Amino acid sequence: MFLSRLQLEQFRNYKKLDLSFDAPVALVQGRNGQGKTNLLEAVYYLATSKSRHARTEREVVNRAAAEDAIPFGRIRGEVVRTEQATRLEILFTRRNDGLNFTKQARVNGAPRRSMDLIGHLRAVLFLPEDLTLISGSPSERRRYVDVALCQIDRGYCQALSRYQKVVTQRNSLLRQLQEQGQPDGPSVGAQLGFWDDQLVEHGTQVLSRRHSYLADLAPIARRVHAELTQEQETLDLLYVPSFNTGLYSDGDYLRLRDSEEVRAEELAKTEVDAATISERFRERLEDRRKVELNSGNSLYGPHRDEMILLVNGWNLRTFGSRGQQRTGALALKLAELRAMAAATGERPVLLLDDVMSELDAQRRAALLGALADVRQGIVTTTDWDQFSPEFRGEAQQIQIEAGNATLVRSDMAKAGDGLCASP
Ligand SMILES: Nc1ncnc2c1ncn2[C@@H]1O[C@H](COP(=O)(O)OP(=O)(O)OP(=O)(O)O)[C@@H](O)[C@H]1O
Ligand SMILES: [Mg+2]
């Protein structure tokens, strides 16, 4: 999979950019605040239909463009796979409220739902703040799993989106019942019953897929982590849903849930099928109806899942040093890259945003090794000298200054091909 061209219009600090990629590695250099992260954000946007950084579409449209008569922003990319080229586009236009922006996706010129953009370009993005994958809240880890899985499996993305809608609806009903001070009677059961069915149906799809993905990911992450730590440390990745889906014994599940010390090798993990998950999900909802009614919130289901990482049996989030947490995050990301390649038969595009300076020599080497393994990597840096002359010599070198790109050296540029235009 290869992104051969990226065009930006009024995206972040880029007024206009037209960049062709022609080498396995593009090395993008720029001082702080020049647009390196924005460039990778645009690529990642095409892959996932979402921004990794922004909360609203409005944030990503060039601030100056908001003053234009018809303000808009646009990301376009051309992706080359085996033989065929696909044109991807996200257009941001102003909403009727005059404030926010809305996005419209196109694939080969035809309008598509944003969800249908996903899968045409697969990318794994490494950021310095990946550390929060380990140190941050469970929602960070859920998001991580969701974004990775969506790129592999469009069906997952659809199930997740349906599930999220159900949670919203069910929450508003629970809140309404809570405000009405409804006791748990037959009419409440009937009203909630419909949403319980939906929650269990879509939630089970999400849970089963997360189960199987994490079961695939865990051994890969363990292997990568062992390589990164010269076999000194073992990494266990444990999936801890908001109720015991049948994956663990009830005792083990409770210990995991309460973050007590657990020895991963002593956990008896079993494979669970969808029927078991949905049965246990339903039991949980019936058991805890009163609690949910009192809280006015859906308390069980994949939106409350957790993923725990243990290093040598210790919870990395609570006990890990900063360096250990960084290594854990790196292992997870590298594992994601391999899992994605294994699941799809295609190697994703690797995006490294200024991550080298955070890493020691060993971990740097691991990342550079991953770069050698993919068909395309786009790497940003503030400092050319972070990379060896050999590495730079083979890379397409791009310099970014205030949202303008200049090609420093590339083989095709030597041949006189105008690869890069940016007024
Ligand atoms: N919507 C927007 N419109 C115009 N400019 C924007 C917009 N959003 C961000 N910027 C600008 O983009 C610049 C930051 O770009 P970016 O984060 O890509 O920098 P960077 O090269 O990655 O820097 P660093 O090395 O510090 O990480 C800032 O100057 C910021 O003000
Ligand atoms: Mg940056």
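We count ligands from 1, going down the list as the structure has it; atoms in each ligand are counted the same way. Hydrogens, waters and symmetry mates play no part in the numbers below; they use all other heavy atoms, side chains included. Position 1 is the first residue of the sequence, and the numbers go up from there. In this text the structure is predicted, and so the values were computed from the model without any measurement.
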Would [X] count as a polar contact of ligand 1, with the cut-off being nitrogen or oxygen pairs under 3.5 Å?
X: Asn32; answer: yes
X: Asp354; answer: no
X: Gly33; answer: yes

> Does the side chain of Asp385 come within less than 4.5 Å of Arg392's, by heavy atoms?
Replying inline: yes

> Would a 4.5 Å heavy-atom cut-off, applied to side chains only, mark Thr381 and Val28 as touching?
Replying inline: no

> Tyr45 vs Phe11 aromatic rings, parallel, tilted or perpendicular, using cut-offs 30° and 60°?
Replying inline: perpendicular

> To the nearest 0.5 Å, how far apart are CZ in Arg112 and CD1 in Ile90?
Replying inline: 14.5 Å

Using a 4.0 Å cutoff against the non-hydrogen atoms of [X], which atoms of ligand 1 qualify?
X: Asn38; answer: 12 (O), 13 (C), 14 (C), 15 (O), 16 (P), 17 (O), 18 (O)
X: Arg31; answer: 21 (O)
X: Val61; answer: 1 (N), 2 (C), 3 (N)
X: Gln34; answer: 19 (O), 20 (P), 21 (O)
X: Gly35; answer: 15 (O), 16 (P), 18 (O), 19 (O), 20 (P), 21 (O)

> Out of Arg12, Glu59, Gln10, Gln29, who gets a non-hydrogen atom closest to atom 9 (C) of ligand 1?
Replying inline: Arg12

> Which of the listed options, Lys15, His53, Arg58, Arg63, holds the heavy atom that is closest to atom 3 (N) of ligand 1?
Replying inline: Arg63

>> Atom CZ of residue position Arg364 - does it have more than 12 heavy atoms of other residues, nucleotides or ligands inside 6.0 Å?
In response: yes

>> Please determine whether the number of non-hydrogen atoms from other residues, nucleotides or ligands lying under 6.0 Å from atom CG of Asp258 exceeds 12.
In response: yes

> So, the side chain of Arg94 versus the backbone of Gly98: is there a donor-acceptor pair under 3.5 Å, distance only?
Replying inline: yes

